[in-house]
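The structure appears right after this line, and notes come after that.
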Amino acid sequence: MTAPLHVVRDRIDSYPTHDIAGYGVRLGHHLPFGATLVPGGVNFSVYSSSAEAVSLVLFHRGEHIPMAEIEIPHEFRIGGVWAITVFGLDYENLDYGYRVYGPATPHIADRFDPTRILADPYARAMSGRDTWGAQPDWNDPYQYRSKLAFDDFDWEDDRPLRIPNEDLVIYEMHVRGFTRDRSSGAAAPGTYAGLVEKIPYLKSLGVNCVELMPVFEFDEFENSRIDPTTGELLLNYWGYSTVGFFAPKAGYAATGPFGMQCDEFKNLVKELHAAGIQVLLDVVFNHTAEGNEDGPTIHFRGLDNRTYYILTPEGYYYNFSGTGNTFNCNHPVVRNYVLSCLRYWASEYHIDGFRFDLAAILDRGEDGAPLANPPLLEALSYDPLLRDCVLIAEAWDAGGLYQVGSFPNYGRWSEWNGRYRDTLRRFLKGDPGQVGDLATRLVGSPDLYSLRGAAASVNFVTCHDGFTLADLVSYNGKHNEANGEGNRDGNDDNASWNCGVEGPTGDPEVLALRMRQMKNAMLLLLLSQGIPMIYSGDEVGRSQGGNNNAYCHDSPLTWFDWTLVERNAELLDFVRTCIAFRSAHPVLRGPLHPTGEDHAGTGHPDVSWHGVRAWQADWSPDSRLLAVMRTGLAADGGADFVYLAANAHWEGHDLELPELPDGVRWHLFTDTAAGAAPVGAEPVLDDQRSVRVGPRSCLVLVGRRS
């Protein structure tokens, strides 16, 4: 129905001044961008620097034929912003988009196409992919539909948690994959609501921060295809190809078909916070789902191609992302778009921080060259609303720019430490020449982050991109045949070792070695200074059959198998205990790098290195053994001593132990060839002068008064 022109004037700006296409309208508010409720109507504001005309296209929810198309009068435009308020809309059942007309003589790089209806880049909700994996109507002329979102959620005094960065233990996870498997027992598997059901598991594990793989609206059918070998439908499972940057993924919501995905996601955040768990979002601002010259026109391309993308002089797309296009992040308009997006998630969704995919792209200028002082990164670093947010960079891109340790950080950014991953893997594999670099990684990589502190280093051994931990110790090479690309995709340099047999085996010696290697990796990760990140499922030995690039699989290959919680209880209990041990020993998580001095008055330096002989580490290229002692103040204010020995040699060694102060004795926390003692109840060593570390094993001692 349309609004009459004689509506009650309860506000001076709440009545129409024009009638267009049967609707009462008036000049809109040009800021904020997007669609917002105003008294009596909806305000629409959209930016296009070169458009000659813009029409607002309105649909009843889900219908193919527009119910109205309202040409926005030219006098409603200020600068490059077109704004209109429309009255009398049934906004809860409304889809909207734009039709944009370019100049008669377009620029070589313009992509205006008035035959297409464009989504709103600022849409707070989207429809069109409301149920995961449900085949969309491919005849729909408007596939990705913009919708309004309503601020009526009861947060019940929830606030971001602001856990100190050095105290974080991050758990990287996929929302759908975590509960999609039938073994999860979730009432709403594969959804935000399903994840809420598993919060007790996360809490019992001991992690206090989840990093959610992309939850911004994306299309799982993008580049979907049939695997010619298996007949399996391959989807965009990971979601690193954003359609709607302000909109939570509707297909991850049990209530998505009813348009309630925003509230369901907010409830997930609220429940995680109630359990003491922060929420980080993996965000993808380096590229969009529009791809290259042959990609779809969704929004940015049809609104202002030259503004939103880095283009060659001929109008083609630079591809530093490896996915077809590169977002023009340091253009002032795009920079403000990214800032507005992150402010929105931090304020409206109480998000605690963000991990930026291929973040090196964010410091490229409009010509693609790296900038010495990137405006976007500087703005993010000093933004008042984002002040307390965790900012983590994946400090490389697909164009060859690798900035681990040199990412423009302004004293604010942490980084996925790729050097840490590579060193840990090579050391555990038994490669020569790794001991010196291992020592640096264990104490927070001061060679990379001396001016920023240890929490600048996000330490990890595995992540979503690459082998799982179980596969890292079970395969020498990748096995990506199921991706349908002839095993050509994925990284060939994995620094993995199969422990003697490629893939599954029943050999008890190989299985015991693999278990020990997984424990070694988890122990070193959780006792290293910096922020540890665990990839979901590694704590229970989840395998992907050697697939190190499972981006296209929505199947048991990538889902969390909850039967492993019992089948691999030994590994799970070990990881839980190691997290608890880290939490109990502040010396392992200090924000400052150690200096080798006795700052705490313990009688020992805050870090010291050892080998077969105490105080005499073997730094030679052939060495595969390193021991480190960390000292400082315990949580109760007393002295704390932690001794870690890591042996990647295929032979065991007897280690001379450093002497402790009078009355303090060494206690055994763990030997990865066995198990781990309860934290605080570690048994005293019978021999206080030496201890034996087995082949390819690690052990940890804690010094305390008995």
Side-chain angles (χ1 to χ4, degrees), residues 423-443 461 473 497 499-500 509-528 570-571 574-575 577-578 581-582 585 587-588 604 607-631 641-660 665-677 679 682-704:
T423 297
L424 263 288
R425 288 185 175 197
R426 290 165 184 158
F427 174 80
L428 291 169
K429 182 169 172 276
D431 288 355
Q434 301 301 312
V435 167
D437 207 38
L438 175 68
T440 306
R441 306 301 146 227
L442 291 177
V443 294
V461 180
V473 300
W497 178 48
C499 296
E509 291 188 6
V510 173
L511 292 175
L513 176 56
R514 289 177 178 176
M515 176 62 74
R516 196 159 69 250
Q517 287 284 74
M518 287 190 287
K519 287 182 177 180
N520 291 339
M522 282 293 189
L523 181 68
L524 292 174
L525 174 65
L526 290 165
L527 268 64
S528 294
E570 177 184 350
L571 180 59
F574 180 82
V575 175
T577 307
C578 288
F581 186 86
R582 178 184 182 84
H585 293 274
V587 70
L588 300 173
H604 290 74
V607 63
S608 55
W609 304 101
H610 310 269
V612 172
R613 299 293 304 274
W615 308 100
Q616 298 180 27
D618 182 357
W619 305 108
S620 68
D622 292 331
S623 173
R624 292 174 174 83
L625 169 70
L626 180 66
V628 58
M629 182 170 68
R630 301 300 306 273
T631 67
F641 302 87
V642 176
Y643 175 92
L644 164 67
N647 181 29
H649 197 200
W650 42 89
E651 296 178 358
H653 296 279
D654 292 313
L655 309 179
E656 180 184 41
L657 294 174
E659 187 175 350
L660 294 173
R665 306 184 71 190
W666 287 118
H667 297 66
L668 177 64
F669 165 61
T670 185
D671 179 343
T672 55
V679 176
E682 300 90 349
V684 66
L685 278 182
D686 293 332
D687 185 351
Q688 289 289 304
R689 302 178 67 178
S690 68
V691 68
R692 182 164 184 81
V693 61
R696 297 191 185 274
S697 297
C698 297
L699 61 83
V700 175
L701 310 177
V702 57
R704 69 166 186 269

- Message: Is a donor from one side chain sitting under 3.5 angstrom from an acceptor on the other, for Ser620 and Asp622?
- Response: no
- Query: When you check the side-chain N and O atoms of Asn520 and Gln517, is any donor under 3.5 Å from an acceptor?
  - Reply: yes
Quick check: do [X] and [Y] have side-chain heavy atoms less than 4.5 Å from each other?
X	Y	answer
Thr670	Leu699	no
Leu657	Val691	yes
Val679	Thr577	yes
Leu527	Phe581	yes
Arg704	Phe641	no
Leu625	His649	no
Leu513	Trp497	yes

- Query: Stepwise, does the side-chain contact (heavy atoms from CB on, under 4.5 Å) test hold for Arg665 with Leu685?
  - Reply: CA-CA 8 Å; Arg665 306 184 71 190; Leu685 278 182; over 6 Å; no
- Given the rule in the side-chain contact (heavy atoms from CB on, under 4.5 Å) test, do Arg441 and Leu524 qualify, once you have shown the distances and angles that lead to the verdict? CA-CA 10 Å; Arg441 306 301 146 227; Leu524 292 174; over 6 Å; no
Check: [Y] main-chain N/O paired with [X] side-chain donor or acceptor under 3.5 Å:
X	Y	answer
Arg689	Glu656	no
His610	Trp615	yes
Thr423	Asp437	no
Ser528	Leu526	no
Ser690	Leu655	no
Glu682	Ala677	no
Gln688	Trp666	yes
Lys519	Asp671	no
Arg516	Thr672	no

Nearest-0.5 Å distance that lies between atom [atom1] in [X] and atom [atom2] in [Y]:
X	Y	atom1	atom2	result
Asn647	Arg692	CG	CZ	9.0 Å
Leu626	Cys698	CG	SG	10.0 Å
Lys429	Arg624	NZ	CZ	10.0 Å
Phe574	Met522	CZ	CE	9.5 Å
Leu428	Gln434	CG	CD	10.0 Å

So which atom in [X] and which in [Y] form the shortest heavy-atom distance, rounded to 0.1 Å?
X	Y	answer
Asp654	Val612	O-CG1, 3.4 Å
His585	Val702	CE1-CG2, 3.4 Å
Tyr643	Pro658	CE1-CD, 3.7 Å
Leu571	Met515	CB-SD, 3.9 Å
Ala439	Trp609	O-CH2, 3.4 Å
Arg630	Val607	CD-CG2, 3.8 Å

- Message: Take a 6.0 Å sphere around CG of Asp686 and say whether it holds more than 12 heavy atoms from other residues, nucleotides or ligands.
- Response: no
- Query: More than 12 heavy atoms of other residues, nucleotides or ligands under 6.0 Å from CD of Glu509: is that the case?
  - Reply: no
- Query: Stepwise, does the side-chain contact (heavy atoms from CB on, under 4.5 Å) test hold for Leu424 with Leu438?
  - Reply: CA-CA 7 Å; Leu424 263 288; Leu438 175 68; 3.9 Å; yes
- Task: Starting from the C-alpha separation in whole Å, work towards a yes-or-no answer on side-chain contact (heavy atoms from CB on, under 4.5 Å) for Leu523 and Leu644.
- Result: CA-CA 9 Å; Leu523 181 68; Leu644 164 67; 4.1 Å; yes
